[in-house]
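For reference, positions follow the sequence shown, starting with 1.
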Amino acid sequence: MLEKLAERVREILNATALNAAAAESNAALEDKNIEVVSFEADDSIGDFYLVEAEQIDVKTRPSQQEYQSIADQKISSIFTDQKNDVFQGQLVKIFQPQNYNSYCLVAYHSFGLRVPRGPIGWLNNLDGLEKIDKKEFQKPANLKTIDQVCKEFEGIKYQLGGGSVKNGFDCSGLIQKIFYQTQGIWLPRKARWQAMVCEKINQEDLRQGDMVFFNKVDDPEKHIDHVGLVYQAQPGRLPIIFHAKRILGKAMFQDLNSADWLYSEINPNGQWEINSFGRVPKRVNDE
């Protein structure tokens, strides 16, 4: 997507049939020695930073219409309607383009182009960020089992936007941390994005390590807004999941068959429903 945009920019800059005003603008650009690049073409661009501040607000990112014009196809609003603020404990990749005062925050995983790759926003400065010495993504030295990590995180408070033991977890932050600790995979930060990297599976095929995605019953668009990890599949029944949910106040194990917040024929007052089940492909890793 971004490489396509970069190619388009190169064509414009190299065009010979320009009017006088455009030629003057082009000359000005050439004087600044601007290099047109894209993150799909060069993974070496940018450095990794650890977010130390409690929260950093990310400025405007490309709109849905801009993404659609770049990709020449209709793009789902699943990711374009998200706020991309970053929170304490997250690993992010940032670079400063030539002749810019701002810093570009980029996504460094596309998971087979299932989620957007490239700019997700801009920062005025690097306050609250600690630069990591190595440019490449760092995996844990020793991976843990799902049992180990879930028991380690059990009882940690729910915190909207949280992604660390110190500050607590929200639903997607907890899932992101579990996958990093158990598989060395850095999943996208949002529950909706996490669903996009998964292969959809049926309930009867669930196993430990799969994910369950939820949406609010009264949401006509059925936007995914919660995620839980399958801890124990139960043949013929819904699974036991490990998740962090605001109404529960902490990370915990829960049997979905008795969850009072989940809609069912015997619980018509439940405000949430299962949207889908998903599994991260085995060979998927950070790019």
Side-chain angles (χ1 to χ4, degrees), residues 61 63-64 67-68 74-85 87 107 109 111-112 114-116 120 150 158-163 168-179 187-234 236-281 284:
R61 74 281 186 200
S63 66
Q64 179 181 355
Y67 274 120
Q68 288 180 175
K74 185 175 181 180
I75 302 297
S76 168
S77 62
I78 288 176
F79 60 84
T80 57
D81 62 354
Q82 295 292 289
K83 293 182 179 178
N84 292 312
D85 298 335
F87 303 88
H109 43 43
F111 293 90
R114 296 186 185 194
V115 293
I120 60 175
C150 288
Y158 176 90
Q159 176 62 52
L160 181 63
F169 292 101
D170 63 9
C171 66
S172 56
L174 178 66
I175 296 299
Q176 188 185 56
K177 189 72 170 179
I178 290 173
F179 269 80
L187 291 179
R189 182 61 179 84
K190 311 292 184 180
R192 300 179 199 180
W193 288 15
Q194 291 174 358
M196 294 174 72
V197 310
C198 285
E199 297 175 345
K200 287 190 176 181
I201 56 176
N202 298 319
Q203 180 181 330
E204 57 267 26
D205 297 324
L206 288 175
R207 64 191 186 204
Q208 188 181 67
D210 291 335
M211 286 184 272
V212 187
F213 299 98
F214 305 86
N215 61 262
K216 292 182 179 178
V217 172
D218 61 0
D219 181 2
E221 299 297 327
K222 304 298 182 185
H223 286 144
I224 291 172
D225 207 23
H226 183 58
V227 57
L229 182 83
V230 174
Y231 181 75
Q232 181 181 334
Q234 304 187 100
R237 307 179 72 224
L238 293 174
I240 296 174
I241 66 170
F242 185 68
H243 67 149
K245 193 164 180 60
R246 184 183 304 186
I247 60 175
L248 302 174
K250 60 183 178 181
M252 61 181 290
F253 297 96
Q254 189 169 39
D255 190 331
L256 288 180
N257 297 282
S258 57
D260 58 7
W261 51 270
L262 186 64
Y263 171 84
S264 67
E265 292 183 1
I266 61 175
N267 183 30
N269 294 322
Q271 298 181 338
W272 294 78
E273 63 185 354
I274 293 175
N275 179 287
S276 57
F277 302 100
R279 177 177 298 157
V280 178
V284 166

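- Put simply, the side chain of Ile224 does not reach to within 4.5 Å of the side chain of Gln194, judged on heavy atoms.
- Between Arg192 and Asp225, the closest side-chain pair of non-hydrogen atoms falls below 4.5 Å.
- Residues Trp261 and Leu256 meet the side-chain proximity criterion, which asks for heavy atoms closer than 4.5 Å.
- Atoms CD1 and CG, on Ile175 and Asp170 in that order, are 10.0 Å from each other to the nearest 0.5 Å.
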task: Test Leu262 against Leu238 for side-chain contact (heavy atoms from CB on, under 4.5 Å), laying out the working first.
output: CA-CA 11 Å; Leu262 186 64; Leu238 293 174; 3.9 Å; yes
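- Among residues two or more places apart in sequence or in another chain, the salt bridge (charged side-chain N to carboxylate O under 4.0 Å, His left out) test is passed with Lys222 by Glu273.
- Using cut-offs of 30° and 60° for the angle between ring planes, the Phe214 and His226 rings count as tilted.
- Nearest heavy atom pair, residue Pro281 against residue Val197, reads CD-O, 3.4 Å.
- With contacts defined as side-chain heavy-atom distances shorter than 4.5 Å, the pair Glu204/Asn202 qualifies.
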message: Please evaluate residues Gln234 and Asn257 with respect to the criterion side-chain contact (heavy atoms from CB on, under 4.5 Å), reporting the C-alpha separation (whole Å), side-chain torsions for both, the decisive distance (0.1 Å), and the verdict.
response: CA-CA 10 Å; Gln234 304 187 100; Asn257 297 282; 3.4 Å; yes
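- Closest approach of Ala244 and Leu174 over heavy atoms only: N-CD2, 3.7 Å.
- If you take CD1 on Ile201 and CG on Leu206, they are separated by 4.5 Å, rounding to the nearest 0.5 Å.
- For the atom pair CZ of Phe169 and CG of Leu160, the computed distance is 14.0 Å after rounding to the nearest 0.5 Å.
- Side-chain contact between Tyr263 and Gln271 is absent, with no heavy atoms from C-beta onward closer than 4.5 Å.
- Within 6.0 Å of CD1 in Ile247 there are more than 12 heavy atoms belonging to other residues, nucleotides or ligands.
- Residues Lys245 and Tyr158 approach most closely at C-CD1, 3.6 Å, considering heavy atoms.
- Side chains of Asp205 and Phe277 form no contact here, defined as non-hydrogen atoms less than 4.5 Å apart.
- The two residues Phe242 and Ala251 make their nearest non-hydrogen contact at CZ-CB, 3.9 Å.
- In this structure, SG in Cys150 is found 12.5 Å from CE in Met252, a value given to the nearest 0.5 Å.
- With contacts defined as side-chain heavy-atom distances shorter than 4.5 Å, the pair Asp255/Ile240 qualifies.
- Rounding to the nearest 0.5 angstrom, the gap separating the CG atom in Asp210 from the CD atom in Glu199 is 10.0 Å.
- Contact check for His243 versus Leu248: side-chain heavy atoms found under the 4.5 Å cut-off.
- For Ala233 against Pro239, the heavy-atom pair with the smallest separation is CA-CB, 4.2 Å.
- Of all heavy-atom pairs between Ile241 and Gly228, the closest is CD1-CA, 4.3 Å.
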